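Keep in mind that this is a model prediction, so the values were computed, not measured.
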Amino acid sequence: MTIKEKIKNLIDTNEVCLFMKGTPENPQCGFSMATSNILKHLNVAFKGINVLEDDNLRQGIKDFSDWPTIPQLYIKKEFIGGSDIVKEMFEKGELKSLLQEKKLI
């Protein structure tokens with residue numbers, strides 16, 4: 001399985017998927033922690049994927065999404081964005097609306 005296939009499989013099999021540095025329980029960067037905490041605050045079940053465990057995955061997700069930074073959030077196979085976008089959507093109530101619309105909360 002190529003790294004691209006592995007990433008696609010993770011996104012396809014997890015309704016809310018967060019590619020992050022560290023884990024939701026033990027984030028390894030502030031941006032990953034902030035994004036993870038927003039999802040926890042909204043009580044949404046999500047899969048945290050630690051990109052620090054695999055350099056191929058760490059670079060692969062950037063290539064896959066054509067987005068240069070981590071964390072990266074996917075909801076129902078759709079790329080939402082990184083930490084700044086997720087934070088802005090959360091503050092405006094858009095993230096909660098999106099999750100409700102997708103029947104995830």
Side-chain angles (χ1 to χ4, degrees):
M1 182 182 291
T2 68
I3 196 67
K4 188 174 181 181
E5 290 168 334
K6 181 179 178 181
I7 290 167
K8 185 172 181 340
N9 185 50
L10 285 166
I11 293 167
D12 287 350
T13 57
N14 295 285
E15 291 187 316
V16 182
C17 196
L18 179 63
F19 291 86
M20 62 184 294
K21 293 178 181 175
T23 64
E25 300 75 33
N26 187 22
Q28 298 294 309
C29 91
F31 297 111
S32 290
M33 180 188 293
T35 307
S36 175
N37 284 345
I38 286 170
L39 294 173
K40 289 177 188 175
H41 178 78
L42 292 171
N43 290 320
V44 63
F46 68 99
K47 171 81 171 167
I49 293 114
N50 184 359
V51 300
L52 298 178
E53 291 178 346
D54 182 345
D55 280 340
N56 291 330
L57 180 60
R58 187 175 184 170
Q59 185 56 47
I61 189 61
K62 294 176 186 179
D63 296 339
F64 185 87
S65 62
D66 199 23
W67 189 262
T69 58
I70 293 163
Q72 294 186 14
L73 178 63
Y74 287 80
I75 296 176
K76 294 243 179 164
K77 303 179 189 176
E78 179 188 350
F79 176 56
I80 304 302
S83 181
D84 291 348
I85 291 169
V86 171
K87 185 172 180 271
E88 187 176 311
M89 286 178 71
F90 172 68
E91 288 169 354
K92 291 180 175 177
E94 295 168 359
L95 186 61
K96 185 175 184 178
S97 296
L98 175 67
L99 291 164
Q100 287 171 329
E101 182 186 306
K102 303 276 188 187
K103 309 230 182 314
L104 295 167
I105 57 172

- Note on the structure: Output for pair (I61 CD1, Q59 CD), nearest 0.5 Å, gives 10.5 Å
Using distance only, find each side-chain donor-acceptor pair of residues 72-79 under 3.5 Å and give its atom names and separation, not counting sequence neighbours.
| unit_1 | atom_1 | unit_2 | atom_2 | d |
| --- | --- | --- | --- | --- |
| Q72 | OE1 | S65 | OG | 2.8 |
| Q72 | NE2 | S65 | OG | 3.2 |
| Q72 | NE2 | W67 | O | 3.2 |
| Q72 | NE2 | T69 | O | 3.0 |
| K76 | NZ | E15 | OE2 | 3.4 |
| K76 | NZ | K102 | O | 3.3 |

- Query: At their closest point, which heavy atom of D54 faces which heavy atom of K6, and how far apart are they?
  - Reply: OD2-NZ, 3.8 Å
- Item | Taking every non-hydrogen atom, the tightest pair across T35 and P71 | OG1-CG, 3.4 Å
- Message: So, using side-chain contact (heavy atoms from CB on, under 4.5 Å) as the criterion, who are the partners of K92 when residues are at least two apart?
- Response: E88, E94
- Task: For K62, look at atom NZ and say whether over 12 heavy atoms of other residues, nucleotides or ligands are found less than 6.0 Å away.
- Result: yes
- For Q28, does its backbone N or O pair with a side-chain atom of S32 as donor and acceptor, under 3.5 Å? no
- Task: Would you name the heavy atoms of K87 and I38 that are closest together and state the gap between them?
- Result: CA-CD1, 3.8 Å
- Task: Start with the C-alpha gap between I11 and F19, add the side-chain angles, then the distance that decides, and say whether side chain to side chain contact (heavy atoms under 4.5 Å, CB included) holds.
- Result: CA-CA 10 Å; I11 293 167; F19 291 86; 3.8 Å; yes
- Item | Distance-minimising heavy-atom pair for K21 and N50 | C-OD1, 4.0 Å
- Query: Are L10 and I70 connected, step by step, through hydrophobic side chains (Ile, Leu, Val, Met, Phe, Trp, Tyr) whose heavy atoms are closer than 4.5 Å?
  - Reply: yes
- Say whether F31 and L42 are linked into one hydrophobic cluster, either directly or through other cluster members, by side-chain heavy-atom distances under 4.5 angstrom. no
- Message: As a quick check of understanding, evaluate side chain to side chain contact (heavy atoms under 4.5 Å, CB included) for F64 and I3, giving each step before the final call.
- Response: CA-CA 9 Å; F64 185 87; I3 196 67; over 6 Å; no
- Item | Reported CD1-to-CG distance for the pair I85 and L95, which is rounded to 0.5 angstrom | 11.5 Å
- Can you hop from L104 to I49 via hydrophobic side chains spaced under 4.5 Å? yes
- Message: Tell me the closest heavy-atom pair linking G81 and V86, and the distance in Å.
- Response: O-CG2, 4.1 Å
- K40 versus F46: any side-chain heavy-atom pair under 4.5 Å? yes
- Query: To the nearest 0.5 Å, how far apart are CD1 in I7 and CG in L57?
  - Reply: 5.5 Å
- Flag yes if more than 12 heavy atoms outside K8 fall under 6.0 Å of its NZ atom; otherwise flag no. no
- Message: Quick one, S36 and L18 - any side-chain contact, counting heavy atoms below 4.5 Å?
- Response: yes
- Approximate separation, where rounding is to 0.5 Å, of N14 CG and N9 CG: 8.5 Å
- Do you know which two heavy atoms are closest between G48 and M20, and how far apart they sit? CA-SD, 4.3 Å
